[in-house]
Each structure stands twice: as C-alpha cells, then as structure tokens.
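For reference, the structure discussed in these notes is given below.
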Amino acid sequence: MSERTTETGTARPRTQRGLERLMFFSDAVVAIAITLIALPLVDSARDVAKESTSKFLSDNSYALLAAAISFAVISAFWREHHSLFERATGYTPLLLRVNMFWLVGIVALPVATVLDVYSHRDPLAAGIYLLAVIFTMAVDRVEELILYRARLLSDGDRITRPELILRWSMVVGAGIAVIVSLTLPAVGLWSLVLVFAAGQFEAVSRRRLRARTA
C-alpha cells in the first residue's frame with residue numbers, strides 16, 4: 001500500500017478504494033464517449049420517416065463506418081487501460097493527473113469522428129482524429145512508465161526495458177498514419193491499418209524477446 005504525506009506531515013495511505021474510484025471514473029467517461037459516437041446517427045435516423053431505410057444507409061455509409069471504427073478504437077483503448085490497471089497495485093498523484101489527460105484523448109475522439117464525417121473527409125479532420133489517437137496512445141504508455149518507475153506493477157520485476165520501448169511501436173505507427181493521411185487524402189482513416197500492423201509487430205517482437213530471455 002503506497003503512502004502520501006499531508007500538509008501536517010502525517011502519512012496517509014493511498015487505499016485500494018482510491019484506485020478503484022480512479023478506474024470507475026475512467027470507465028464512466030469511456031462509456032459516455034462511446035455513446036456520443038452514435039448520437040449524430042440517431043439524429044439522422046429520425047429522418048427515416050421521410051425516406052427509406054436503404055437511403056439512410058446509403059447516405060450515411062461513411063458515417064456508419066467512421067462510428068464503427070471509433071467504437072473499435074475506443075474499445076481497444078479501454079481494454080488496454082483496463083489491462084494496465086489490473087496490473088496496478090497502487091497509484092501516485094502524478095498518475096492521477098496524467099490519467100485525466102488520457103480521458104481528454106478519449107473524449108476528443110467522438111468530436112474528431114464528427115469532424116471527419118461532416119467535413120466531407122477533409123484531410124485536416126482525419127489528421128486531427130489520428131492525432132487524438134496518438135495522444136491517447138502515448139498517454140497510456142506514460143501511465144505504464146509511471147507505474148513501472150513507482151514499482152506499482154504486479155509484474156514489474158518481469159518487464160525489461162526493451163519491452164517498454166517496444167510498447168511505443170503503435171505510437172510510431174500512428175505517427176506514420178498521420179503523415180500518410182495528410183499526404184494522401186483519399187486514404188483517410190484507412191491509414192489506421194498501419195496502427196494495426198504496428199500492433200502486430202509489437203506482439204510478435206515481444207514474444208520473441210521473452211523467448212530469448214526465458
């Protein structure tokens with residue numbers, strides 16, 4: 001159990017309840033963000049009374065695809081965040097503050113999704129979306145480093161520095177995706193495939209690294 005010092009100089013424990021509240025609050029924000037993705041589509045669906053369902057699907061095909069992608073992206077971020085905090089044995093004041101930045105990235109994604117859809121695939125809008133992805137991804141890695149350095153990871157003694165470096169592969173992949181999206185506007189959010197490829201590279205490299213050190 002980690003300790004904190006109050007203004008009077010006495011140590012007060014950072015309880016498991018405090019860590020759970022941090023996780024619950026983060027989960028609630030993620031749930032709201034995922035809900036916000038569907039709201040523009042809900043508004044558009046009300047016009048079905050004036051036109052056919054097939055026309056709604058045709059007119060909103062890209063919006064539906066973008067919403068599905070954003071749902072998958074936020075879900076992946078939540079799973080990663082959940083996995084990290086499952087390994088956490090405590091938290092620090094710095095982690096509490098940095099986690100708020102992670103939530104900023106999560107909340108920014110629904111806004112970036114709407115920008116991309118209703119700007120008619122403006123390259124800048126796609127770039128903003130991918131920058132939100134990079135930001136959120138990078139903050140998650142920073143959170144892991146904070147827990148690692150504070151020795152608050154249950155598996156911290158088994159993690160090597162090369163593994164921590166490998167964790168930034170997807171951030172690099174997302175950076176390349178931004179460049180591709182801005183230079184090749186027709187690609188748009190399909191450049192997220194590069195992030196997936198970077199994730200696969202990270203997973204394979206990590207397995208090989210662990211096999212060597214075993």
Side-chain angles (χ1 to χ4, degrees), residues 1-5 11-31 33-34 72-109 130-179 191-214:
M1 183 180 294
S2 56
E3 301 286 331
R4 65 179 174 182
T5 303
R12 200 187 304 168
R14 296 195 177 280
T15 64
Q16 186 65 26
R17 183 184 177 187
L19 180 60
E20 289 174 354
R21 290 192 66 192
L22 171 61
M23 294 169 64
F24 291 154
F25 179 72
S26 300
D27 289 348
V29 173
V30 171
I34 283 183
V73 168
I74 294 178
S75 295
F77 281 144
W78 178 82
R79 287 196 304 271
E80 206 168 52
H81 191 265
H82 174 74
S83 176
L84 175 62
F85 277 81
E86 277 283 289
R87 296 155 53 206
T89 58
Y91 68 100
T92 68
L94 179 59
L95 180 69
L96 195 63
R97 290 192 291 271
V98 170
N99 191 69
M100 295 304 295
F101 284 101
W102 183 82
L103 294 176
V104 168
I106 292 295
V107 171
L109 283 169
L130 291 168
L131 285 174
V133 169
I134 292 176
F135 176 80
T136 309
M137 205 178 292
V139 173
D140 182 75
R141 270 64 176 170
V142 171
E143 287 186 304
E144 184 177 35
L145 286 174
I146 292 171
L147 288 168
Y148 176 77
R149 294 187 60 138
R151 297 182 179 180
L152 292 174
L153 286 175
S154 58
D155 60 344
D157 57 337
R158 299 192 299 274
I159 299 176
T160 62
R161 287 192 176 183
E163 281 188 71
L164 289 174
I165 294 173
L166 271 175
R167 291 275 290 134
W168 289 83
S169 300
M170 291 182 68
V171 179
V172 173
I176 296 173
V178 170
I179 296 172
S191 57
L192 284 170
V193 172
L194 293 172
V195 181
F196 174 78
Q200 294 304 304
F201 167 79
E202 177 188 326
V204 171
S205 299
R206 189 184 300 176
R207 285 196 295 268
R208 290 180 177 176
L209 186 63
R210 287 180 178 178
R212 289 177 185 174
T213 56

Report, one line per pair, each donor and acceptor closer than 3.5 Å where one atom sits in a side chain of residues 96-104; sequence neighbours left out.
{"unit_1": "Asn99", "atom_1": "OD1", "unit_2": "His81", "atom_2": "NE2", "d": "2.7"}
{"unit_1": "Asn99", "atom_1": "ND2", "unit_2": "Ser26", "atom_2": "OG", "d": "2.8"}

| query | Taking atom CG of Leu130 and atom CZ of Phe135, what is their separation to the nearest 0.5 Å? | reply | 15.0 Å

| At their closest point, which heavy atom of Ile134 faces which heavy atom of Ala174, and how far apart are they? | CG1-CB, 3.3 Å

| field | Spatial distance of atom CG (Leu194) from atom CD1 (Ile176) [nearest 0.5 Å] | value | 6.5 Å

| note | side chain to side chain donor-acceptor pair (under 3.5 Å) filter on Arg151, not counting sequence neighbours, yields none

| Between CG of Leu84 and CZ of Arg141, what distance do you get to the nearest 0.5 Å? | 10.0 Å

| Between Gly90 and Leu95, what is the shortest heavy-atom contact and its length? | O-CD2, 4.4 Å

| query | Between Ser75 and Ile34, what is the shortest heavy-atom contact and its length? | reply | OG-CD1, 4.0 Å

| Sequence-distant partners of Ala150, side chain to side chain contact (heavy atoms under 4.5 Å, CB included), two or more places apart | Thr92, Leu152

| said: Would you compute the distance between atom CE of Met23 and atom OH of Tyr91 and round it to the nearest 0.5 angstrom? | reply: 13.0 Å

| task | Any salt bridge (charged side-chain N to carboxylate O under 4.0 Å, His left out) involving residues 164-178? Give me the pairs, sequence neighbours left out, ordered by first then second residue. | result | Glu80-Arg167, Asp140-Arg167, Glu144-Arg167, Arg167-Glu202

| said: If the condition is side chain to side chain donor-acceptor pair (under 3.5 Å), which residues does Asp155 pass it with, not counting sequence neighbours? | reply: Arg87

| message | Tell me whether the count of non-hydrogen atoms from other residues, nucleotides or ligands lying under 6.0 Å of OH in Tyr148 goes above 12. | response | yes

| request: Kindly write out the residues that satisfy side chain to side chain donor-acceptor pair (under 3.5 Å) with Trp78, not counting sequence neighbours, or none if the list is empty. | output: Asp27

